[in-house]
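Everything below concerns the one structure shown next.
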Amino acid sequence: MNKMGFGFLRLPQTDSGSINKALLNQMVDAFLERGGVYFDTAYTYLDGQSETALRESLVKRHQRERFRIADKLPSWLVRSSRDCQRYFDEQRQRCGVDDFDVYLLHWLNQQNYEICERYDEFAFLRELKAQGKVGKIGFSYHDSAALLDEILTAHPEAEVVQLQLNYLDWDSAAIEGRKCYEVAVRHGKAVTVMEPVKGGTLVKLPKKAEELFRAHSSDSPARWALRFAQSLPKVDIVLSGMNRLEQVVENMADVEPLTGLEQAIVRQAARIIEEETAVACTGCRYCTAACPKGIPIPDFFAMYNAYRRDPGEDWKIQPIYQRMAAECARASDCIRCGQCENHCPQRLKIMSRLKEITGVFE
Ligand code: SF4
Ligand code: SF4
């Protein structure tokens with residue numbers, strides 16, 4: 001079994017911070033050679049560079065029949081029905097294709113769903129499908145199971161739901177991974193998994209969790225996380241953001257579903273990680289672009305997590321915090337406008353966590 005899809009959100013970079021095209025080409029080739037077919041991008045990924053990188057590394061170099069592309073309409077940027085068509089045409093141009101195999105409304109949550117409904121974005125997707133310009137339609141989702149149920153009831157035409165599913169978020173009260181999966185299954189939808197390693201959180205684990213896995217098998221922590229997602233029976237695709245060739249090779253190796261014992265080990269690892277992680281930030285940085293004060297939120301959360309894991313390291317962390325606060329902004333500069341929380345896919349209580357950080361580091 002292997003359900004891997006190639007996520008074009010995190011791509012390999014050169015030392016100067018641009019996309020490493022030569023390495024990306026190698027990774028795309030290796031993925032296709034190993035039987036991979038599914039590529040996932042979005043209008044907003046890497047400020048549009050994800051779609052053009054996909055055109056250069058995949059579309060221009062391989063036959064169209066060899067791969068499937070999923071792209072996403074930036075649902076929250078739409079301000080008129082005409083905008084939908086404008087974004088779609090621009091996306092086709094950026095990707096160098098006439099059609100998409102899967103086309104999703106990007107990032108539905110309560111706020112964005114209201115925008116979708118205001119501009120009838122589902123009707124736009126239905127029309128594209130009727131015209132044969134897209135294959136399957138649906139949406140990617142970051143909100144409660146109850147809202148998901150409401151959307152799927154109102155829009156049975158959605159065929160695919162892209163969800164954040166991983167063993168750490170499975171029983172999380174904020175993400176409701178399991179509940180969302182169960183709602184999608186109840187509505188008979190195909191499920192695509194995003195963030196199976198939670199933005200890298202499940203790659204580098206607290207020592208105790210790593211030892212727990214190692215005592216059972218030589219698989220890497222990332223592979224345990226990917227096996228968890230791939231073991232869910234109604235999951236069709238598991239997206240992985242890769243930036244090294246070795247990751248492609250490791251991820252495309254055959255995967256056995258988790259056994260009952262392994263499921264128990266994974267649950268135990270999740271408990272350890274939860275105990276040792278103060279703020280479950282994935283470092284995606286969606287919040288920083290939204291912050292009017294320029295607060296380096298994920299960097300502060302990383303420092304806070306390190307501090308909470310080992311308060312004795314305070315003497316090392318403090319100077320880094322002070323330097324970054326002087327260069328960018330302090331946690332206490334937060335004006336509680338709430339913009340960051342609106343953009344956080346992990347639904348973190350950013351404002352109150354910044355207050356804690358102020359108490360510790362200032
Ligand atoms: S609430 Fe604070 S941290 Fe969040 S965007 Fe506003 S100023 Fe920035
Ligand atoms: S706080 Fe939320 S939006 Fe910001 S980097 Fe962390 S997970 Fe991403």
Side-chain angles (χ1 to χ4, degrees), residues 7 9-11 13 42 44-47 50 72 74-77 106-112 140-144 162-170 172-177 180 193-205 225 239 241 243 270 273-274 276-309 317 320-321 324-362:
L9 172 57
R10 298 179 179 92
L11 295 176
Q13 294 191 337
T44 52
Y45 286 175
L46 304 173
D47 288 330
S50 167
K72 308 186 199 77
S75 59
W76 67 96
L77 296 179
H106 195 179
W107 200 327
L108 288 206
N109 57 17
Q110 184 71 57
Q111 201 184 3
N112 295 345
S140 66
Y141 186 73
H142 291 278
D143 211 317
S144 68
Q162 189 162 311
L163 295 173
Q164 174 170 324
L165 295 178
N166 55 66
Y167 67 79
L168 194 57
D169 292 326
W170 191 240
S172 142
I175 305 295
E176 297 193 332
C180 286
V193 172
M194 56 185 161
E195 301 286 12
V197 296
K198 202 171 166 65
T201 304
L202 302 183
V203 174
K204 190 155 173 30
L205 302 181
L239 296 173
N243 47 27
I273 300 164
E274 268 163 18
E276 300 214 3
T277 308
V279 190
C281 168
T282 62
C284 68
R285 308 195 86 83
Y286 289 138
C287 54
T288 52
C291 177
K293 303 300 284 185
I295 299 171
I297 300 164
D299 304 294
F300 286 172
F301 285 167
M303 288 176 215
Y304 189 49
N305 281 339
Y307 166 80
R308 288 282 296 270
R309 251 178 224 165
I317 302 166
I320 303 172
Y321 175 83
M324 195 161 253
E327 281 170 8
C328 307
R330 294 169 302 174
S332 59
D333 289 331
C334 173
I335 53 170
R336 301 186 67 79
C337 66
Q339 284 302 314
C340 52
E341 294 192 5
N342 289 340
H343 287 77
C344 179
Q346 307 307 317
R347 305 174 74 200
L348 297 176
K349 303 281 177 221
I350 296 175
M351 292 182 281
S352 63
R353 303 324 291 261
L354 287 176
K355 212 165 170 196
E356 287 172 36
I357 290 172
T358 301
V360 169
F361 293 136
E362 292 182 25

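These numbers come from a predicted model, not from an experiment. Read the numbers this way: they start at 1 and go in the same order the structure lists the ligands and their atoms.
Scanning all protein heavy atoms for the shortest distance to atom 8 (Fe) of ligand 2 gives Cys284 SG, 2.3 Å. For atom 2 (Fe) of ligand 2, the closest heavy atom belonging to the protein is Cys344 SG, 2.4 Å.
Contacts of Gln346 with ligand 2, taken as heavy-atom pairs under 4.0 Å, involve the side chain alone. Residue contacts with ligand 1 for Leu354 involve side-chain atoms from C-beta outward but no N, CA, C or O (heavy atoms, distance under 4.0 Å). With a 4.0 Å cut-off on non-hydrogen atoms, Glu341 does not touch ligand 1 at all. Under 4.0 angstrom from ligand 2, the non-hydrogen atoms of Ile350 all belong to its side chain.
Ligand 1 places these atoms under 4.0 Å from at least one heavy atom of Arg336: 1 (S), 2 (Fe). The distance from ligand 1 to the heavy atoms of Met351 drops below 4.0 Å at these ligand atoms: 1 (S). Less than 4.0 angstrom separates some heavy atom of Cys334 from each of these atoms of ligand 1: 1 (S), 2 (Fe), 3 (S), 7 (S). Listed by number with element, the atoms of ligand 2 under 4.0 angstrom from any heavy atom of Arg285 are 5 (S), 8 (Fe). If you number the atoms of ligand 2 from 1 as listed, the ones under 4.0 Å from a heavy atom of Cys287 come out as 1 (S), 3 (S), 4 (Fe), 5 (S).
Within the 2.8 Å limit, Cys281 places at least one N, O or S atom next to atom 6 (Fe) of ligand 2.
Ionic pairing of Arg10 and Glu195 is present here: one or more N-O contacts between side-chain nitrogen and carboxylate oxygen are shorter than 4.0 angstrom.
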